[in-house]
Amino acid sequence: QVQLVESGGGSVQAGGSLRLSCASSGDTGRYYLMGWFRQAPGKEREGVANIYSLGYTAYADSVKGRFTISQGNAKNTVYLQMDSLKPEDTAMYYCAARMGWVPTLSVPRSPGDFDYWGQGTQVSVSS
């Protein structure tokens with residue numbers, strides 16, 4: 001069993017930055033996939049960024065060049081550095097995990113590909 005806890009959300013003005021953290025507990029194994037998703041009111045949950053256990057990353061086009069996903073040294077924490085934030089980035093952000101090997105994709109995987117989810121952290125960007 002894996003538990004995920006997000007933190008770091010908040011309210012910022014457009015152009016600002018936030019760093020989200022996702023702390024995982026439990027045995028993730030040698031191969032795993034971690035992802036960040038977001039969901040705005042009335043919209044579907046969308047993949048923002050993925051990081052595979054060997055370090056490969058994938059981003060949604062809407063955040064490329066502005067967001068960076070990374071792992072901590074102990075690999076039990078995943079970060080999402082968000083720069084140049086826009087009002088359209090406003091959403092609840094969720095961390096997700098999938099255990100075991102999965103082929104890499106150049107775009108974020110869909111929510112159904114993940115087994116474990118955090119409770120979410122709110123990000124609000126004002127213009």
Please tell me if the side chains of [X] and [Y] come closer than 4.5 Å, counting only heavy atoms from C-beta onward.
{"X": "V125", "Y": "Q13", "value": "no"}
{"X": "L20", "Y": "E6", "value": "no"}
{"X": "V48", "Y": "L80", "value": "yes"}
{"X": "I69", "Y": "F67", "value": "no"}
{"X": "N50", "Y": "M34", "value": "no"}
{"X": "W101", "Y": "L54", "value": "no"}

| request: Could you give me the CA-CA distance, side-chain angles and deciding distance for Y79 and C22, then say whether side-chain contact (heavy atoms from CB on, under 4.5 Å) is met? | output: CA-CA 6 Å; Y79 303 99; C22 173; over 6 Å; no
Closest approach of [X] to [Y] (non-hydrogen atoms, all atoms of both residues):
{"X": "A60", "Y": "P108", "answer": "N-CG, 3.5 Å"}
{"X": "P87", "Y": "S126", "answer": "CG-C, 4.4 Å"}
{"X": "A40", "Y": "A91", "answer": "N-CB, 3.9 Å"}

| task | Return each pair, listed once, that meets side-chain hydrogen bond (donor to acceptor under 3.5 Å, both in side chains) where at least one residue sits in residues 87-97; pairs must be two or more places apart or across chains. | result |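 Residue pairs passing side-chain hydrogen bond (donor to acceptor under 3.5 Å, both in side chains), neighbours aside: R38-D89, R38-Y93, R66-D89.
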Measure the [atom1]-[atom2] distance between [X] and [Y] for me, rounded to the nearest 0.5 Å.
{"X": "L18", "Y": "S11", "atom1": "CG", "atom2": "OG", "answer": "8.5 Å"}
{"X": "S25", "Y": "Q1", "atom1": "OG", "atom2": "CD", "answer": "9.0 Å"}
{"X": "D115", "Y": "M99", "atom1": "CG", "atom2": "CE", "answer": "7.0 Å"}
{"X": "S21", "Y": "L4", "atom1": "OG", "atom2": "CG", "answer": "12.5 Å"}
{"X": "S70", "Y": "I51", "atom1": "OG", "atom2": "CD1", "answer": "6.5 Å"}

| Taking only residues two or more places apart in sequence or in another chain, which ones pass ring pair (Phe, Tyr, Trp, His ring centres under 6.0 Å) with Y52? |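 Result, ring pair (Phe, Tyr, Trp, His ring centres under 6.0 Å) vs Y52: Y56.
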| request: List for me each residue that meets ring pair (Phe, Tyr, Trp, His ring centres under 6.0 Å) alongside F37, sequence neighbours excluded, and say none if there are none. | output: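 F37 satisfies ring pair (Phe, Tyr, Trp, His ring centres under 6.0 Å) with F114, W117 only.
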| Worked check of side-chain contact (heavy atoms from CB on, under 4.5 Å) between Q71 and T77 | CA-CA 6 Å; Q71 295 182 108; T77 303; over 6 Å; no
| request: Among residues two or more places apart or on two chains, list those pairs meeting salt bridge (Lys or Arg N to Asp or Glu O under 4.0 Å) that have a residue in residues 51-64. | output: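 As it turns out, the salt bridge (Lys or Arg N to Asp or Glu O under 4.0 Å) pairs with a partner in residues 51-64, which skip direct neighbours, are D61-K64.
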| Listed once per pair and sorted, the salt bridge (Lys or Arg N to Asp or Glu O under 4.0 Å) pairs that draw on residues 118-127, sequence neighbours left out |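 Those involving residues 118-127 do not exist here.
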| S17: partners by side-chain contact (heavy atoms from CB on, under 4.5 Å), with sequence neighbours left out |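 S17 satisfies side-chain contact (heavy atoms from CB on, under 4.5 Å) with Q81, D83 once adjacent residues are dropped.
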| message | Counting only heavy atoms from other residues, nucleotides and ligands, does the tally under 6.0 Å from CD of Q3 exceed 12? | response |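 Check fails, neighbour count at 12 or below.
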| query | When you measure from the side chain of S24 to the backbone N and O of N76, does any donor-acceptor pair fall under 3.5 Å? | reply |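 A pair under 3.5 Å: yes.
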| query | Is it true that V63 and W36 fall in one hydrophobic cluster, defined by side-chain heavy atoms closer than 4.5 Å? | reply |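 Yes; tracing contacts between hydrophobic side chains, which count when under 4.5 Å, links both residues.
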| field | Worked verdict on V102 versus D113 for side-chain contact (heavy atoms from CB on, under 4.5 Å) | value | CA-CA 9 Å; V102 61; D113 288 340; over 6 Å; no
